[in-house]
Amino acid sequence: MENNKFESQFEAKLANNDVIEPKDWMPENYRKHLIRQISQHAHSEIVGMLPEGNWITRAPSLRSKVVLLAKVQDEGGHGLYLYTAAETLGVSRDELLDNLLTGKAKYSSIFNYPTLTWADMGAVGWLVDGAAIMNQVMLQRTSYGPYSRAMIRICKEESFHQRQGYEIMTRMAFGTPEQKAMAQDALNRWWFPSMMMFGPPDAESPNSENALKWRIKRETNDQLRQKFVNQTVPQAEYLGLTMPDPNIKWNEDKKGYDYSDPDWTEFKNVISGNGPCNKERLAARNKAHNDGAWVREAANAFAKKRKEVYEAA
Amino acid sequence: MKDNQGPLWEIFLQKKAGQPYVHCGSLHAYDKEMAIQNARDLYTRRQEATAIWAVPANAIVASSPEDIGPFFEPANDKVYRHPTFYQIPDAIGPM
Amino acid sequence: MTKQEALFNYTLRLADTNLILGQRLSEWTGVGPFLEEDLALTNIALDIIGTATALYEYAAKIEGKGRTADDLAYLRTDREFYNPKLVEQPNGDYAKTIVRQVIMDSFDFYFYTALTKSKDETLAGIAQKAIKETTYHLRHTSSWIERFGDGTEESHQRAQNAINELWQFTGELFEVDEADTLFVKEGIAVDVTAFKATWEKHINDIITKSTLTVPQNVFMQTGSRKGIHTEYLAYILLEMQALPRMYPGAKW
């Protein structure tokens with residue numbers, strides 16, 4: 001009975017576009033859904049540092065080196081904001097990291113693809129961040145307060161990421177023939193994986209219905225995917241690059257481009273651990289975590305010796 | 001020893017002197033010096049602040065949603081606390 | 001050697017020192033010991049590469065032969081790099097990275113403080129920016145040395161090993177050649193001999209406060225001023241310069 005009263009208050013808040021805060025009553029499924037979604041999002045940022053981090057030491061100019069460093073650092077920061085948002089739901093950073101390191105938690109499948117050339121730094125910024133930003137802009141209005149606040153901060157900071165990627169694409173596409181070929185190759189390899197970032201088609205998306213009902217998400221996977229195609233095609237045209245999808249064609253009726261769906265079998269394979277880099281990514285995270293264990297222990301021991309003991313959250 | 005990421009801290013930034021400190025987010029740090037440094041390195045990368053407070057999260061006392069009624073609604077009818085409650089002759093001008 | 005060449009070499013050496021150190025630090029980005037510290041160390045790397053860039057730009061201008069800052073960073077061979085061997089040493093464990101960094105931060109603290117008074121306005125300007133950054137870096141790294149020294153037995157041992165291993169490279173920081181002496185007289189260059197004793201006391205204080213020890217009577221390595229390095233530098237450059245060398249003429 002009591003629960004019903006809370007539940008109707010909760011739903012009234014959602015209907016009213018009110019924000020849910022950590023101490024508010026919330027249905028257990030809402031809490032679970034949020035923990036899963038926010039932590040997946042955080043893990044994606046953290047694992048996402050690796051494919052771009054791969055090129056930091058080889059960035060071909062002083063400018064591109066600091067830009068890439070700052071960008072990968074931002075991703076770490078975004079992972080951090082999101083972990084702390086998830087922590088407001090009663091789960092600890094340790095648990096969240098443990099889920100990532102043991103392979104229990106998922107992260108965006110896009111980061112299981114390799115970054116093979118410098119043009120991939122362009123394509124990742126342009127396409128992967130471009131796709132991510134679409135999701136993130138929507139999530140600024142998500143119903144859970146700490147998640148929404150993290151997303152607002154993230155969107156503010158991310159605004160340079162896509163521009164940075166497109167700038168690299170511009171330099172490559174208008175550079176030497178070899179550079180242009182690298183740019184085209186990067187577009188070919190990153191296009192469909194980027195399209196997968198919006199998740200399965202609406203008809204087959206198991207978590208979408210609740211996410212929309214609870215106003216965690218505000219637009220469907222397919223709506224966002226369509227927006228992304230519409231935004232990207234003219235940008236590729238400007239670069240003089242060919243979209244790696246022969247079915248891309250303007251459709252006057254829907255005022256948008258028709259396109260081919262990505263290969264959802266490949267998507268499922270990558271998600272279930274069989275992508276080209278799944279094992280390397282997880283191994284790299286585990287190595288960093290294990291190598292850092294003695295550092296964290298030392299910091300912990302030092303704080304205790306100085307009697308600076310705060311309850312670990 | 002149990003591995004952990006250290007306690008949670010709440011971070012408040014002051015954009016410039018004279019302005020209030022505003023909560024900007026949280027982080028983990030093992031000691032006070034680390035908390036203030038991590039806050040600087042995480043939350044002021046784009047010149048967001050000229051001063052920082054770092055507070056152990058467990059030191060914060062918070063009201064709860066059930067308090068909204070008894071805590072905050074009684075202020076509703078105290079209109080006499082606001083300047084518009086009072087009538088001043090037009091001839092006096094702004095006061 | 002003309003005065004212009006000597007100033008070019010002086011500026012280039014400072015630029016190389018910052019770039020190679022920044023390059024090493026940037027290897028940690030994404031794989032740091034925990035998230036907050038990953039971001040903190042990346043900030044230090046960004047500052048240091050920023051200083052390197054300003055110095056290369058100035059060096060390119062002094063040289064006046066149309067080479068750009070990127071040309072200087074990306075198209076010279078290992079025998080033409082003049083950074084001290086300390087900064088090219090591998091990151092090792094986090095203790096080694098932090099010890100290498102605290103040595104450089106404490107040295108840079110005195111070095112850039114003095115360089116702010118240089119009669120060369122560009123160098124003085126670069127130093128004014130660098131000294132603020134360095135002051136923060138030093139606070140960060142010396143607090144870590146303290147945590148390691150007085151943390152666990154393991155962290156203490158790792159930090160002490162790093163100090164013992166790296167100390168042989170500190171001598172190069174205070175080497176002085178003819179050009180230096182000339183520039184010191186003219187008030188352009190920093191007289192490193194003037195702050196050597198102060199630095200020694202400072203770093204000794206940081207290390208002993210952390211319950212660690214500075215090794216005594218260490219044989220000091222030398223050679224970087226002649227472009228003779230440890231074996232590590234050639235690998236660093238091979239990786240860093242790969243793209244510009246593989247695609248000559250390409251703009252990035």
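We name chains A, B, ... by the order of the sequence lines, and we start the count at 1 in each one. Because the structure is predicted, anything quoted here is derived from the model rather than measured.
- You'll find the side chain of Thr57(A) reaches within 4.5 Å of the side chain of Ser26(C), heavy atoms only.
- If you look at Trp144(C) and Phe302(A), their ring centroids are not closer than 6.0 Å.
- If you check the side chains of Gln179(A) and Lys251(C), you find no donor sitting under 3.5 Å from an acceptor.
- With a 4.5 angstrom heavy-atom cutoff, Tyr74(C) touches chain A only via side-chain atoms.
- Counting all heavy atoms, side chain and backbone alike, Trp294(A) lies closest to Tyr94(C) at CZ2-N, 3.8 Å.
- For Met121(A), no part lies under 4.5 angstrom from a heavy atom of chain C.
- Side-chain contact check for Met240(C) versus Lys65(A): some heavy-atom pair is nearer than 4.5 Å.
- For the options Asp150(C), Ile98(C), Thr42(C), heavy-atom pairs under 4.5 Å to chain A are most numerous at Asp150(C).
- Around CZ of Phe174(A), the count of heavy atoms belonging to other residues, nucleotides or ligands within 6.0 Å exceeds 12.
- Proximity to chain A (any heavy atom under 4.5 Å) is shown, for Gln241(C), by neither the backbone nor the side chain.
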>> Assess the residue pair Arg147(C) and Val295(A) against the criterion (side-chain contact (heavy atoms from CB on, under 4.5 Å)); give the C-alpha distance rounded to whole Å, side-chain angles, the decisive distance to 0.1 Å, and a yes or no.
In response: CA-CA 9 Å; Arg147(C) 287 184 198 107; Val295(A) 178; over 6 Å; no
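- When all heavy atoms of Val31(C) and Arg285(A) are compared, the pair lying nearest together is CA-NH1, 4.3 Å.
- The residue among Glu27(C), Glu154(C), Glu239(C) with the most heavy atom pairs within less than 4.5 Å of chain A is Glu239(C).
- With chain A as the partner, the residue from Asn43(C), Asp38(C), Leu19(C) showing the most heavy-atom pairs under 4.5 Å is Asn43(C).
- Neither the backbone nor the side chain of Glu153(C) comes within contact range of chain A; no heavy atom of the residue lies under 4.5 Å from a heavy atom of that chain.
- You'll find the side chain of Trp55(A) reaches within 4.5 Å of the side chain of Leu243(C), heavy atoms only.
- Only the side chain of Arg158(C) comes within less than 4.5 Å of a heavy atom in chain A; its backbone stays farther off.
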>> Between Leu69(A) and Ile49(C), does the side-chain contact (heavy atoms from CB on, under 4.5 Å) criterion hold? Intermediate values first, please.
In response: CA-CA 10 Å; Leu69(A) 263 173; Ile49(C) 297 171; 3.6 Å; yes
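- Heavy-atom distances place both the backbone and the side chain of Ala69(C) under 4.5 Å from chain A.
- Only the side chain of Leu50(A) comes within less than 4.5 Å of a heavy atom in chain C; its backbone stays farther off.
- The neighbour count for Arg163(A) CZ, taken as heavy atoms of other residues, nucleotides or ligands under 6.0 Å away, does not exceed 12.
- Ranked by heavy-atom pairs under 4.5 Å with chain C, the first of Gly53(A), Ser61(A), Gly76(A) is Ser61(A).
- Formation of a donor-acceptor pair under 3.5 Å by the Gln73(A) side chain with backbone atoms of Leu39(C) is found in this model.
- When the shell of 6.0 Å around NZ of Lys305(A) is examined, it contains more than 12 heavy atoms from other residues, nucleotides or ligands.
- More than 12 heavy-atom neighbours from other residues, nucleotides or ligands sit within 6.0 angstrom of CZ on Phe160(A).
- Classification of Arg296(A) and Glu37(C) as a salt-bridged pair fails, no side-chain N sitting under 4.0 Å from a carboxylate O.
- In this structure, chain C has a heavy atom under 4.5 Å from the side chain of Tyr83(A), while its backbone stays farther away.
- Using a 4.5 Å cut-off between heavy atoms, Ile46(A) contacts chain C through its side chain alone, with no backbone atom that close.
- Using a 4.0 Å cut-off between a side-chain N of Lys or Arg and a carboxylate O of Asp or Glu, Arg63(A) and Asp70(C) do not qualify as a salt bridge.
- Proximity to chain C (any heavy atom under 4.5 Å) is shown, for Ser64(A), by neither the backbone nor the side chain.
- Put simply, of Ala95(C), Gly50(C), Ala45(C), the one with the most heavy-atom pairs under 4.5 Å next to chain A is Ala95(C).
- Remark: the backbone N or O of Glu178(A) is not paired with any side-chain donor or acceptor of Tyr247(C) at under 3.5 angstrom.
- Among Lys287(A), Glu167(A), Met49(A), the residue making the largest number of heavy-atom pairs under 4.5 Å with chain C is Met49(A).
- Within the 4.5 Å cutoff, no side-chain heavy atoms of Trp252(C) are placed close to those of Arg171(A).
- The heavy-atom pair separating Pro244(C) from Pro60(A) by the smallest distance is CG-O, 3.5 Å.
- No donor-acceptor contact under 3.5 angstrom links the side chains of Thr152(C) and Glu297(A), judged on distance only.
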